[in-house]
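The structure appears right after this line, and notes come after that.
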Amino acid sequence: MPHVFLDGYAKPLLVLHALAAFALFGACTHQAVIGVGLLRGRLHLGRQARIYAQLIGALFVVAFGVGLLMYPHYRYHVRGLFLDRYEPWASNLFDMKENLLALALPFALCLFAIGRRFDPREEPVLIPFFAFASLALWALVTFGVISGLVITSVRGV
Amino acid sequence: MQKSLARAVPPLCGAAAYLAAWFLSTALPTRLLWHLPVEHRFTFEVHPLTLGADFYGRLVLCLGVGALAATAAAVSIKLRKFELRASWLRALLIWTFGLLLFTSGMYLNILASRRPIAAPLPPGYVAR
């Protein structure tokens with residue numbers, strides 16, 4: 001069997017990836033609720049918005065980074081040898097998840113860059129950005145977490 | 001308000017450029033850095049003939065384009081070449097979310113009907 005980068009660490013990396021993704025999902029859900037609250041005029045939520053913006057930025061980078069590390073193993077052992085042959089729908093679902101979460105990356109980075117010093121009372125002009133970025137990120141991360149669970153139930157490592 | 005806009009516009013320009021680069025590099029045949037996991041090497045081409053992953057190459061390309069756009073916007077604002085308006089932020093938001101929807105839709109459309117080609121099985125391989 002050919003050896004692929006980080007083959008021996010695939011399982012712990014998958015667990016770490018899943019833990020970071022679940023934490024990210026929780027933080028994004030809180031942030032989406034805060035975003036809707038800000039749109040509805042609840043300007044006292046500024047502190048929570050700043051905390052979750054930083055948390056989401058850090059968790060997204062961790063989850064994404066660990067995913068990048070385990071990708072070569074997935075590409076050959078999981079997708080190349082198994083999913084593409086026996087479960088092509090799961091292979092396609094993974095690529096949807098992978099690309100949609102890559103599209104979410106700039107939103108997480110923007111939320112971190114802008115949100116960590118965001119004060120809704122002083123900067124009402126930024127509230128629509130904040131709300132839309134939070135909701136888009138929540139939708140993409142939710143899709144990623146659910147599809148990740150489905151794919152792992154077919155074949156994880 | 002100028003200060004808030006000056007803080008928000010560069011990252012949003014970067015996000016829009018990143019999404020546009022992701023869309024264009026998928027829609028047009030683009031030479032990318034491909035990782036060949038079995039051969040333990042990278043190659044720079046449109047599509048290799050062996051098992052490979054273009055994800056790293058596309059990510060590096062789009063992060064680079066996004067960083068360039070964000071830096072250019074930040075430098076232009078710092079040099080006071082133009083005065084920022086709230087309507088620009090709205091327009092940038094609409095463009096960014098439009099690009100997100102368009103690129104996501106393109107991927108969902110392509111991948112919903114894709115027939116992947118499996119890698120050749122190594123000798124003695126038994127599917128679990």
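Just so it is clear: chains get the letters A, B, ... in the order the sequence lines come, proteins before strands, and each one is counted from 1. Just so it is clear, the structure is predicted and the values come from calculations on it, not from any experiment.
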(message) Please evaluate residues B:Leu19 and A:Leu103 with respect to the criterion side chain to side chain contact (heavy atoms under 4.5 Å, CB included), reporting the C-alpha separation (whole Å), side-chain torsions for both, the decisive distance (0.1 Å), and the verdict.
(response) CA-CA 7 Å; B:Leu19 293 169; A:Leu103 298 179; 3.7 Å; yes
Can you name the closest pair of heavy atoms from [X] and [Y] and give their distance?
X        : Y        : value
A:Leu126 : B:Ala8   : CD2-CB, 3.4 Å
A:Arg79  : B:Pro116 : NH2-CB, 4.5 Å
B:Pro120 : A:Leu81  : O-CD2, 3.7 Å
A:Arg85  : B:Leu121 : NH1-CD2, 3.0 Å
B:His40  : A:Phe5   : CE1-N, 4.2 Å

Does atom [atom1] of [X] have more than 12 heavy-atom neighbours from other groups under 6.0 Å away?
X        : atom1 : value
A:Phe130 : CZ    : yes
A:Trp138 : CH2   : no
A:Arg42  : CZ    : no
B:Trp95  : CH2   : no

[X]-[Y] co-clustered via ILVMFWY side chain contacts under 4.5 Å:
X        : Y        : answer
A:Phe22  : A:Val61  : yes
A:Val154 : A:Ile151 : yes
A:Val150 : A:Phe143 : yes
A:Phe82  : A:Leu149 : yes
B:Trp22  : B:Tyr56  : yes

Look at [options] and state which one has the largest set of heavy-atom pairs under 4.5 Å with chain B.
options                               : value
A:Pro124, A:Pro88, A:Ala102, A:Pro128 : A:Ala102
A:Tyr76, A:Tyr86, A:Trp89             : A:Tyr76
A:Ser91, A:Ala104, A:Ala113           : A:Ser91
A:Leu140, A:Leu93, A:Asp95, A:Leu83   : A:Asp95

(request) Find the one option among B:Pro122, B:Ala119, B:Pro11 whose heavy-atom pairs under 4.5 Å with chain A are most numerous. (result)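 Sorted descending by pairs with chain A, the first entry is B:Ala119.
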Go through the atoms of [X] and report whether side chain, backbone, both or neither lie under 4.5 Å from a heavy atom of chain B.
X        : value
A:Phe64  : side chain
A:Leu105 : side chain
A:Arg117 : both

Could you tell me which portion of [X] (side chain, backbone, both or neither) has an atom closer than 4.5 angstrom to a non-hydrogen atom of chain A?
X        : value
B:Leu108 : both
B:Ile117 : backbone
B:Pro10  : neither
B:Phe23  : neither

(message) Using modelled atom types and a 3.5 Å cut-off, is there a donor and acceptor pairing between side-chain atoms of A:Asn92 and backbone atoms of B:Leu111?
(response)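 Here the side-chain-to-backbone pair exists.
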(request) Say whether, by atom type as modelled, one donor and one acceptor occur between the side chain of A:His3 and the main chain of B:Val38 under 3.5 angstrom. (result)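 Pair absent, no side-chain N/O of A:His3 close to backbone of B:Val38.
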(message) Tell me whether the rings of A:Phe107 and B:Phe97 are parallel (<30°), tilted (30 to 60°) or perpendicular (>60°).
(response)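 A:Phe107 and B:Phe97: tilted rings.
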Roughly how far, to the nearest 0.5 Å, is the [atom2] atom of [Y] from the [atom1] atom of [X]?
X        : Y        : atom1 : atom2 : answer
A:Phe129 : B:Ser4   : CZ    : OG    : 12.5 Å
A:Lys97  : B:Tyr107 : NZ    : OH    : 15.0 Å
A:Asn99  : B:Met106 : CG    : CE    : 8.5 Å
B:Thr103 : A:Leu100 : OG1   : CG    : 9.5 Å

(request) Spell out the residues in residues 41-53 of chain B that have some non-hydrogen atom less than 4.5 Å away from a non-hydrogen atom of chain A, in order of number; otherwise answer 'none'. (result)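 Under the 4.5 Å heavy-atom cut-off, B:Leu51, B:Gly52, B:Ala53 qualify.
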(message) With a 4.0 Å cut-off on N to O distance, would you call A:Glu123 and B:Arg7 a salt bridge?
(response)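 Yes, this pair counts.
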(request) May I ask you to test the B:Phe55-A:Leu68 pair for a side-chain heavy-atom distance under 4.5 Å? (result)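 Yes; the side chains approach each other to less than 4.5 Å.
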